[in-house]
Visitor: 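I have a structure here, written as structure tokens, and I will follow up with some questions on it.
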Amino acid sequence: MENNKEHRAWLDKHNLEHPLVIAGPCSAETEEQVLKIAHELKESDTTYLRAGIWKPRTRPGNFEGVGAIGLKWLQRAKKETGLLTATEVANKAHVDLALEHDIDLLWIGARSTVSPFIVQEIADALKGTDKVVLVKNPVNPDLALWIGALERMHTANIKNLGVIHRGFSTYDKSKYRNNPEWQIAVDFQTRFPDIPLICDPSHITGKRDMILEVSQTALDLNYDGLMIETHYDPDNAWSDAAQQVTPSSLIQITKDLRIRKEMDDEAGYQSKLSQLRAQIDVIDNALIETMGKRMKTADAIGALKKTRNVAVLQSKRWNEILGKMILEGEEHGLSEEFILRVFKAIHQESINHQEKVINS
Ligand code: PEP
Ligand code: MN
């Protein structure tokens, strides 16, 4: 899929002075709810009103969406407010209904992107559409799968494209609902600089008080827009209550965000510099997280050694690690001297951790 600016024409056409905002409830619940939220969002930077009509739920028994009737509510909201409409489609039947109801933007959810069969079914149903189609990243951190889904849309002659970064699920507990793994989205952006990249801080964080911070990181990384779940009574929402914000919080969030625009040469330089710095911050955070994980594993080794009364320092093993890392480092352009210094420091911290466990 060659890089081609035509894929972002739909976005450029809006002529926005700020990042694109897609906002609205996780799920359409009632007609009154959809209309009330839409009217409150009229005062914000929102261009597209989102609402889930069919909800993919990890476990059965949760609210699974109101179904096709909700599309009529979206249509009415559009008529009354002028907001464009957006919903998730997960099979051919959804696509047919969404197109019948003239929904402006359709997105493919994270649980659908993982399945090439379902993605192909959706692509076939959408063939040649002039609607906007956005592909969420798959739940698992697999860049190729994400790109593959986008390619299937492109091959189906869909011109108005984009992707949504909503984070990746992990078995490990983390402060995020879905780990952002920013590097994957940055890699995507490097390969496809012309495809609009939208961040969904709601599903990344799972918590409304972290949405500003994650949105800011996305804008620092030069994302084109945000999708933020918005509800007039978030705590009583029928799905994803903890992560939704009120329309007035959304307005505040968009005011608090620092937006960097490329204007002249100097501004272009500054904006590129802050984008690269934001990438460095993401990588540094990942380094700290990885080192923290390493030390937790060292604690577990300490506990195991304690049961056998084994010495903390085992030089043979340490020399093996060092030898391997020097070779590995060389392949990544890292000097032997640097690897020695870093790994000595890591090893020392690891020994401290193990000793603490053994002597406790
Ligand atoms: C949603 O946007 O409400 C949703 C279900 O998202 P995801 O596919 O990212 O989980
Ligand atoms: Mn949701």
Side-chain angles (χ1 to χ4, degrees), residues 20-29 33-34 37 41 46 48-60 62-67 70-71 74 85-91 94-95 98 103-115 118-119 122 132-142 145-146 149-150 153 162-170 174 176-182 184-185 188 197-208 210-211 214-215 218 223 225-246 250:
L20 177 78
V21 178
I22 303 170
C26 176
S27 306
E29 298 166 1
Q33 175 242 19
V34 171
I37 294 168
L41 284 174
T46 304
Y48 290 87
L49 171 69
R50 66 150 281 159
I53 299 294
W54 303 281
K55 300 304 297 177
R57 307 318 304 259
T58 300
R59 307 274 308 271
N62 294 315
F63 177 57
E64 294 190 334
V66 293
L71 297 168
L74 279 174
T85 51
T87 199
E88 171 176 352
V89 288
N91 58 37
H94 296 168
V95 169
I103 302 298
D104 300 291
L105 181 158
L106 315 179
W107 80 83
I108 298 176
R111 293 164 193 75
S112 301
T113 308
V114 291
S115 163
I118 204 70
V119 169
I122 296 170
V132 178
V133 178
L134 304 183
V135 180
K136 282 199 169 196
N137 68 255
V139 284
N140 54 322
D142 185 338
L145 203 50
W146 196 6
L150 198 72
M153 299 304 137
V163 294
I164 303 174
H165 173 214
R166 53 78 80 193
F168 302 88
S169 75
T170 49
S174 115
Y176 299 104
R177 176 176 176 195
N178 291 294
N179 210 338
E181 312 235 29
W182 294 102
I184 296 180
F188 181 94
L197 171 61
I198 315 257
C199 181
D200 172 348
S202 307
H203 290 90
I204 288 178
T205 63
K207 280 189 238 39
R208 65 180 71 93
M210 285 168 68
I211 285 179
V214 166
S215 302
Y223 281 45
L226 300 166
M227 178 192 255
I228 299 182
E229 287 189 339
T230 313
H231 192 295
Y232 65 84
D233 184 9
D235 284 330
N236 290 306
W238 297 2
S239 57
D240 289 352
Q243 72 195 30
Q244 302 207 54
V245 297
T246 60
L250 177 84

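Each residue takes its place number in the sequence, starting with 1. Order of appearance sets the numbers: ligands from 1, and atoms from 1 within every ligand.
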Visitor: Using a 3.5 Å distance criterion without hydrogens, assess whether the side chain of Asn178 forms a donor-acceptor pair with backbone atoms of His203.
Guide: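 Judged by distance alone, yes, a pair lies under 3.5 Å.
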Visitor: Within a distance under 4.0 Å of any heavy atom of Ala110, pick out the atoms of ligand 1 and give their elements.
Guide: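 Answer for ligand 1: 8 (O), 9 (O).
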Visitor: Check whether Ser202 reaches the backbone of Ile228 with its side chain - one donor and one acceptor, N or O, closer than 3.5 Å.
Guide: no
Visitor: The Mn ion (ligand 2): which protein N, O or S atoms are under 2.8 Å away?
Guide: Cys26 SG, His203 NE2, Glu229 OE2, Asp240 OD2
Visitor: Does Thr205 use its side chain to pair, donor to acceptor, with the backbone of Lys207 at less than 3.5 Å?
Guide: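 At least one qualifying donor-acceptor pair exists.
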Visitor: Which ligand 1 atoms does Glu229 reach within 4.0 Å, using its non-hydrogen atoms?
Guide: 1 (C), 3 (O)
Visitor: Between atom CG of Leu250 and atom CD of Gln244, what is the distance when rounded to the nearest 0.5 Å?
Guide: 11.5 Å
Visitor: Would Arg50 count as a contact residue for ligand 1, given that I'm defining contact as a non-hydrogen atom of the residue lying under 4.0 Å from a ligand atom?
Guide: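 It does; at least one heavy atom falls under 4.0 Å.
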Visitor: Using heavy-atom distances, let me know which of Glu88, His203, Arg111 sits nearest atom 1 (C) of ligand 1.
Guide: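 Selected option, by shortest heavy-atom distance: His203.
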Visitor: What residue and atom, counting heavy atoms only, is the protein's closest point to atom 6 (O) of ligand 1, and at what distance?
Guide: Lys136 NZ, 2.9 Å
Visitor: For atom 9 (O) of ligand 1, what's the nearest protein heavy atom and its distance?
Guide: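 So the nearest neighbour among protein heavy atoms is Arg166 NE, 2.6 Å.
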Visitor: To check you understand the geometry: which heavy-atom pair defines the closest contact between Val163 and Leu134, and what is its length?
Guide: N-CD2, 4.3 Å
Visitor: Any atoms of ligand 1 less than 4.0 Å from a non-hydrogen atom of Gly109? List them with their elements.
Guide: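 Here the atoms of ligand 1 in question are 8 (O).
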Visitor: What atoms of ligand 1 come within less than 4.0 Å of a heavy atom belonging to Cys26?
Guide: 3 (O)
Visitor: Between Asp235 and Arg208 (salt bridge meaning N to carboxylate O under 4.0 Å), is one present in this structure?
Guide: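 A salt bridge links Asp235 with Arg208.
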Visitor: Check whether any N or O atom of Lys55, backbone or side chain, sits under 3.5 Å from an N or O atom of ligand 1, and answer yes or no.
Guide: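 Such a contact does occur with ligand 1.
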Visitor: Checking Asp233 now: which residues fulfil side-chain hydrogen bond (donor to acceptor under 3.5 Å, both in side chains) with it, not counting sequence neighbours?
Guide: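 Partners of Asp233 by the side-chain hydrogen bond (donor to acceptor under 3.5 Å, both in side chains) criterion, ordered by chain and then number, come out as Asn236.
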Visitor: Trp238 side chain to Cys26 main-chain N or O, any donor-acceptor pair under 3.5 Å?
Guide: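 Not confirmed, Trp238 side chain does not pair with Cys26 backbone.
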Visitor: Check for me whether Gly52 has a heavy atom closer than 4.0 Å to any atom of ligand 1.
Guide: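 Checking ligand 1 against Gly52, which is what was asked, there is no heavy-atom contact under 4.0 Å.
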Visitor: Between Asp240 and Gln243, is there a donor-acceptor pair closer than 3.5 Å when you use the side chain of the first and the backbone of the second?
Guide: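 No; judged by distance alone, with no hydrogens or angles, the pair does not exist.
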Visitor: Decide salt bridge (charged side-chain N to carboxylate O under 4.0 Å, His left out) for Arg50 and Glu88; before the verdict, give the C-alpha distance in whole Å, the side-chain angles of both, and the deciding distance to 0.1 Å.
Guide: CA-CA 9 Å; Arg50 66 150 281 159; Glu88 171 176 352; over 6 Å; no
Visitor: Distance from Met227 atom CE to Tyr48 atom OH, nearest 0.5 Å?
Guide: 11.0 Å
